[in-house]
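Following: one structure in structure tokens, then a few remarks.
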Amino acid sequence: MPLALLALAVGAFGLGTTEFVMMGLLPDVADDLGISIPTAGHLVSAYALGVVIGAPLLAAVTARMSRRKVLIGLMGLFVVGNAASAFAPGEYALLAARFVSGLPHGAFFGVGAVVATGMVAPERKARSVSLMFLGLTLANIAGVPVATLMGQHLGWRATFLGVSAIGLAAIASLALLIPHDHTHAPRVGLRGEVAALRSLPVWLALGTTVAGFGALFAAYSYITPMLTGAAGYADSSVTVLLALFGVGATAGNLLGGRLADHSLRGTLFGGLTSLVVVLALFPVLMSTQWSAALAVVLLGTAAFVTGSPLQLMVMEKASAAPSLASSANQAAFNLANAGGAWIGGLALAAGLGVTSPALTGAGLAVLGLGVAAVAAVVDRRRVTAPAGRERVVATHLPEQAEAVRY
């Protein structure tokens, strides 16, 4: 694997840290700015809104630019947003800074996935994507806990200065390691990029992302009350348990990348099925402390097995616009975050029990399996010629072509 993937992973580490660290800093930010914790929660939403808007928009407007320069520019915007967060004088300035910080998130992962797959042989594409995502999963193990502790001891503003430093390190890594001859985007133009997203297979792949990761966030958003209310853990133990989720996510991400290079769709179906089983067993697993800890690890593993396959599938279905499609998948991931948390909250508010969000998530995972099955049928009809021969479709490299694998 090219050393350049390390530069992408460093950027992903910074993005993952700043995305999730706000959850742990909400009380400190609320006290410092003189606002309520629910009001401070809008800072989480502002970042997510920036991701959803920025992912397709920035990918589209930079479609004709060198991908190496795009990645460096996106990390530059990331540094500006986090530095502005550190020096924000009040609530509204911090909201705006968090929105700016979220703008490059999806586009970085989208363009980065295209660059990663372009530097490796076809049979290693999924693994290259998983190694970039490794930075995101490691952020949940190390980046978020360390940044949270920094905020609690040195002030929340110091956290965002630290994240800005990670962004500067990512810029240096990108400039040093990303080769020039692998980063220039095909000149299809903005209209061509947008037109490539109109096909049904692309939308089915994006729908699978929304349903599949919506299942994860329906449960994970309420993992703390499950661990304390059902499993009997003390509040002080939750941080360690959430790090276990990061361990499971890291293992699932690496496993999914390796398996997807052998069977893209098989890995996707296997991961979603595993997610259904794990979430359906949550009420039982949360009955004891040791099984609850196991459930947290299994949840991260099952969910992130599907990460690389979904990213690669969206890119293959929109081969004429891989950067835009890949970035749109990141926007779908954040829609899943918001939608899954909302649906899980409905079950909790209805009085169905503290573990009911997990069962709601299992239902969403079943929906994801259904969408993936429809996508498989549509692809089979499109790919298979009348004589039963396999059609060859273009990859994201215009000078090459390869058969779609099933």
Side-chain angles (χ1 to χ4, degrees), residues 2 4-21 47-63 65-83 85 97-119 128-140 143 163-178 182-185 193 209 253 307-308 310-312 314-315 321-335 337 396:
L5 294 176
L6 175 63
L8 297 174
V10 172
F13 182 83
L15 289 164
T17 299
T18 199
E19 179 180 19
F20 294 110
V21 74
Y47 186 93
L49 182 62
V51 177
V52 173
I53 293 176
L57 179 63
L58 292 178
V61 299
T62 59
M65 295 174 59
S66 160
R67 287 178 179 141
R68 178 176 180 274
K69 293 180 180 178
V70 170
L71 289 171
I72 293 173
L74 291 172
M75 286 311 301
L77 182 59
F78 169 82
V79 171
V80 169
N82 281 280
S85 297
R98 287 293 290 170
F99 176 79
V100 172
S101 299
L103 286 174
H105 182 112
F108 181 89
F109 280 109
V111 177
V114 176
V115 172
T117 56
M119 292 189 293
S128 71
V129 174
S130 71
L131 288 177
M132 179 186 68
F133 283 150
L134 184 62
L136 179 65
T137 58
L138 288 177
N140 285 282
V163 173
S164 298
I166 297 175
L168 292 174
I171 291 174
S173 300
L174 292 167
L176 180 65
L177 298 176
I178 299 295
H182 286 286
T183 56
H184 201 70
E193 289 261 338
T209 296
N253 173 55
S308 299
L310 282 170
Q311 191 76 24
L312 195 57
V314 170
M315 291 164 59
S323 296
L324 181 56
S326 185
S327 300
N329 194 52
Q330 293 300 312
F333 178 88
N334 277 268
L335 287 174
N337 188 339
H396 64 278

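Keep in mind it's a predicted model, so treat the numbers as computed, not measured. In this chain, numbering begins with 1 at the start of the sequence shown.
For Phe109 and Phe133, the distance between ring centers is under 6.0 angstrom.
Residues Thr18 and Phe78 meet the side-chain proximity criterion, which asks for heavy atoms closer than 4.5 Å. Counting only heavy atoms from C-beta outward, the side chains of Arg98 and Ser85 approach each other to under 4.5 Å. Counting heavy atoms from C-beta outward, Phe108 and Leu8 have side chains that approach closer than 4.5 Å. Side-chain contact between Glu19 and Asn334 is present, with at least one heavy-atom pair separated by less than 4.5 Å. Side chains of Val111 and Val114 form no contact here, defined as non-hydrogen atoms less than 4.5 Å apart.
Taken to the nearest 0.5 Å, the CG atom of Leu6 stands 13.5 Å off from the CE atom of Met132. Taken from OG in Ser130 to CG in Leu136, the straight-line distance is 12.0 Å, to the nearest 0.5 Å. Atom-to-atom distance recorded for Ser66:OG and Ile72:CD1 is 8.0 Å, nearest 0.5 angstrom. The distance from the CG atom of Leu58 to the CG atom of Leu77 is 7.0 Å, given to the nearest 0.5 Å.
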Counting only pairs under 3.5 Å, give me each side-chain donor-acceptor contact of residues 164-175, with atom names and distances, residues two or more places apart or in other chains.
unit_1	atom_1	unit_2	atom_2	d
Ser164	OG	Ala83	N	3.2
Ser164	OG	Phe160	O	2.9
Ser173	OG	Ala169	O	2.9

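Under the rule for a side-chain hydrogen bond (donor to acceptor under 3.5 Å, both in side chains), the partners of Thr209 that lie at least two apart in sequence or sit in another chain are Asn329. In this structure Ser327 satisfies the side-chain hydrogen bond (donor to acceptor under 3.5 Å, both in side chains) test with no other residue, sequence neighbours excluded.
Below 30°, between 30° and 60°, or above 60°: for Tyr47 and His105 the angle between ring planes is above 60°, a perpendicular geometry.
Nearest approach of Asn253 to Ser308, heavy atoms of both residues: OD1-OG, 3.7 Å. Between Leu177 and Ala4 the shortest heavy-atom distance is O-CB, 3.4 Å.
Formation of a donor-acceptor pair under 3.5 Å by the Arg67 side chain with backbone atoms of Val115 is not found in this model.
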